[in-house]
Amino acid sequence: MKKIFSTLIVIAVSAVCCASEMAPLGKSAPELSVKKWVNMSPVSLAQYKGKKAVVLFFWSIDNASIMAFRPLSDLTGKVGDKDVAWIGIANGDEKKISEFKLTSTLPFPVAVDSGSTVKKYMPSKFKHPGCAIISKDGLLVWRGAVRSMPAVLKRLLAGKLDIKEIARREEFNIKLGSAVRGKKYKEAIALIEQEQKIKFSADLVALHLQLLLESKNTDGALSMLDKAVESHPELIGPHLLRQMVLRSYFKDEKRASAAAADSIERLKKYPKVLADMLQNEMKLSQDQRSPRFIYDMSEALNVSRRTLNKREQAVMLLLYAQAMNICSFNCKAEKAAEEAEKLFTDQRDMQTAAMLKNYYKKLNQLKKQLSGKK
């Protein structure tokens, strides 16, 4: 629990940034301040006026940045440069960046930062690589991880990006990070509770839980999890957290069993989420997982899977078979694999199901032989 808490604290604190330097979202994007343009003629944001978006790629000579080169280059080729302008801002030694051979693989202008551009666009705790997006109105509308950028850019180009909401959320993250860094847990808890009323986030449930436990408010922690499960039963996070807290933190198997039964009942309408929860339980070590919980979840899944298409049902049947095998019901596992084989239409899927069916059949035969010897 302490390890998880420390990780969440780091995540929250990473949201803190120097407000005096970083430009706020939804406001005019600062002009670029660079030392040198490496691979093309100098450009400025002003010359891209009229473009639907300008994407800034902040990077340095490190593995994480280099691994982003190829997918970013592919994206620029797919999106093109008619509506979107792309600019690379490298941070580090000017000579090393100028001589770095892979710079030529980036199909857009690349400059060596003076040191001030990244501070104006990205948080002070920022680690390369990252991206920022500027709208056609010249407003800074988003900043974040490279992997998240394509989806945000797509929404912006489609006119579906809620810039005010993104700016509001970032302001919340900054306040929350500041409160957590200063160990003002009551203030942080109040901020989270207010935010959850505005826009519920499963990610915040975990941090909310850890702050409540750190504040010794155990009743509040369990009450919060119960409410999260009740209001958003389709999200797996609150279900898993409730189980983890009851079993690992409180070590209360009775309450954990009751909570498990409640989760199973709520998840009957969401077979895929129920399947994810079952898989999560089965991945636990033998001394940590609950065979009773696995059995009950798998039986519920075997009923609720019938709302899915045939292939999805077959996949769920194989998961059910795996669960039955863990619970030592090899005969049920064999029958489930056999039924999955019949539902599959792809030859490879059918072969996999047949192989598992035979495996469970042999286990069942071996079990009978050993029982007979006794």
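From a predicted model like this one, the values you see are computed outputs, not experimental measurements.
- Formation of a donor-acceptor pair under 3.5 Å by the T307 side chain with backbone atoms of S304 is found in this model.
- The pair E234-K272 does not meet the salt-bridge criterion, since no charged nitrogen lies less than 4.0 angstrom from a carboxylate oxygen.
- Contact of the S104 side chain with the N39 side chain is not registered, since no non-hydrogen atoms from C-beta on lie closer than 4.5 Å.
- Looking at heavy atoms from C-beta onward, L56 lies out of side-chain contact with W86 at the 4.5 angstrom threshold.
- Between E339 and R305 there is a salt bridge, with a side-chain nitrogen of the basic residue lying less than 4.0 Å from a carboxylate oxygen of the acidic one.
- Counting heavy atoms from C-beta on, the side chains of Y48 and V43 come closer than 4.5 Å.
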Show me the donor-acceptor pairs within less than 3.5 Å that the side chains of residues 133-143 make with the rest of the protein, sequence neighbours left out.
unit_1, atom_1, unit_2, atom_2, d
S135, OG, D137, N, 3.3
S135, OG, L139, N, 3.3
R143, NE, E170, OE2, 2.7
R143, NH1, A23, O, 3.0
R143, NH1, Y121, O, 2.9
R143, NH2, A23, O, 2.7
R143, NH2, E170, OE1, 2.7

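- Note: F58 and H128 fail the aromatic proximity criterion, with ring centroids not under 6.0 Å apart.
- As a member of the Ile/Leu/Val/Met/Phe/Trp/Tyr network built from side-chain separations under 4.5 Å, F293 groups with I236, L240, I264, L267, Y270, V273, L274, M277, L278, M282, I294, M297, L301, L308, M316, L319, I326.
- Side-chain atoms of T117 and S33 form no donor-acceptor pair, as typed in the model, at a separation below 3.5 Å.
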Step by step, would you call S65 with D62 a side chain to side chain donor-acceptor pair (under 3.5 Å)? CA-CA 6 Å; S65 294; D62 57 54; 3.0 Å; yes

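- Salt-bridge check for R292 with D296: passed, with a basic side-chain N closer than 4.0 Å to an acidic carboxylate O.
- Looking only at side-chain heavy atoms (C-beta outward), F250 and T218 come within less than 4.5 Å of each other.
- At least one side-chain heavy atom of K332 sits less than 4.5 Å from a side-chain heavy atom of E299.
- Rounded to the nearest 0.5 Å, atoms CG (L246) and CG (L222) are 5.5 Å apart.
- The pair K335-E338 fails the salt-bridge criterion, with no side-chain N (NZ, NE, NH1 or NH2) lying under 4.0 Å from an Asp/Glu carboxylate O.
- Looking at V34, V112, V38 one by one, the single match for side chain to side chain contact (heavy atoms under 4.5 Å, CB included) with E94 turns out to be V112.
- D83 has no carboxylate O lying under 4.0 Å from a charged side-chain N of K51, or vice versa, which leaves the two without a salt bridge.
- Electrostatic pairing of R70 and D74 counts as a salt bridge here, judged by a charged N lying under 4.0 Å from a carboxylate O.
- The closest side-chain heavy-atom distance from L317 to N302 is below 4.5 Å.
- Annotation: the span from L72 atom CG to C131 atom SG amounts to 6.0 Å, rounded to 0.5 Å.
- Through direct or indirect side-chain contacts shorter than 4.5 Å among Ile, Leu, Val, Met, Phe, Trp and Tyr, F329 is connected to Y295, Y320, M324.
- A salt bridge links E281 with R247: the closest approach of a Lys/Arg side-chain nitrogen to an acidic carboxylate oxygen falls below 4.0 angstrom.
- Taking a cutoff of 4.0 Å between a charged side-chain nitrogen and a carboxylate oxygen, K35 and D113 do not qualify as a salt bridge.
- If you check the side chains of N309 and E312, you find a donor sitting under 3.5 Å from an acceptor.
- A salt bridge links D262 to R242: at least one charged side-chain nitrogen sits closer than 4.0 Å to a carboxylate oxygen.
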Side chain to side chain donor-acceptor pair (under 3.5 Å), that's the test. Do N217 and S215 meet it? Break it down for me. CA-CA 5 Å; N217 187 357; S215 303; over 6 Å; no

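- Nearest heavy atoms, T105 versus P107: O-CD, 3.3 Å.
- For the pair F69/L102, a side-chain contact is recorded, criterion being any heavy-atom separation below 4.5 Å from C-beta on.
- Counting heavy atoms from C-beta outward, Y359 and N330 have side chains that stay 4.5 Å or more apart.
- A salt bridge does not link E99 to K96: none of the charged nitrogens lies less than 4.0 Å from a carboxylate oxygen.
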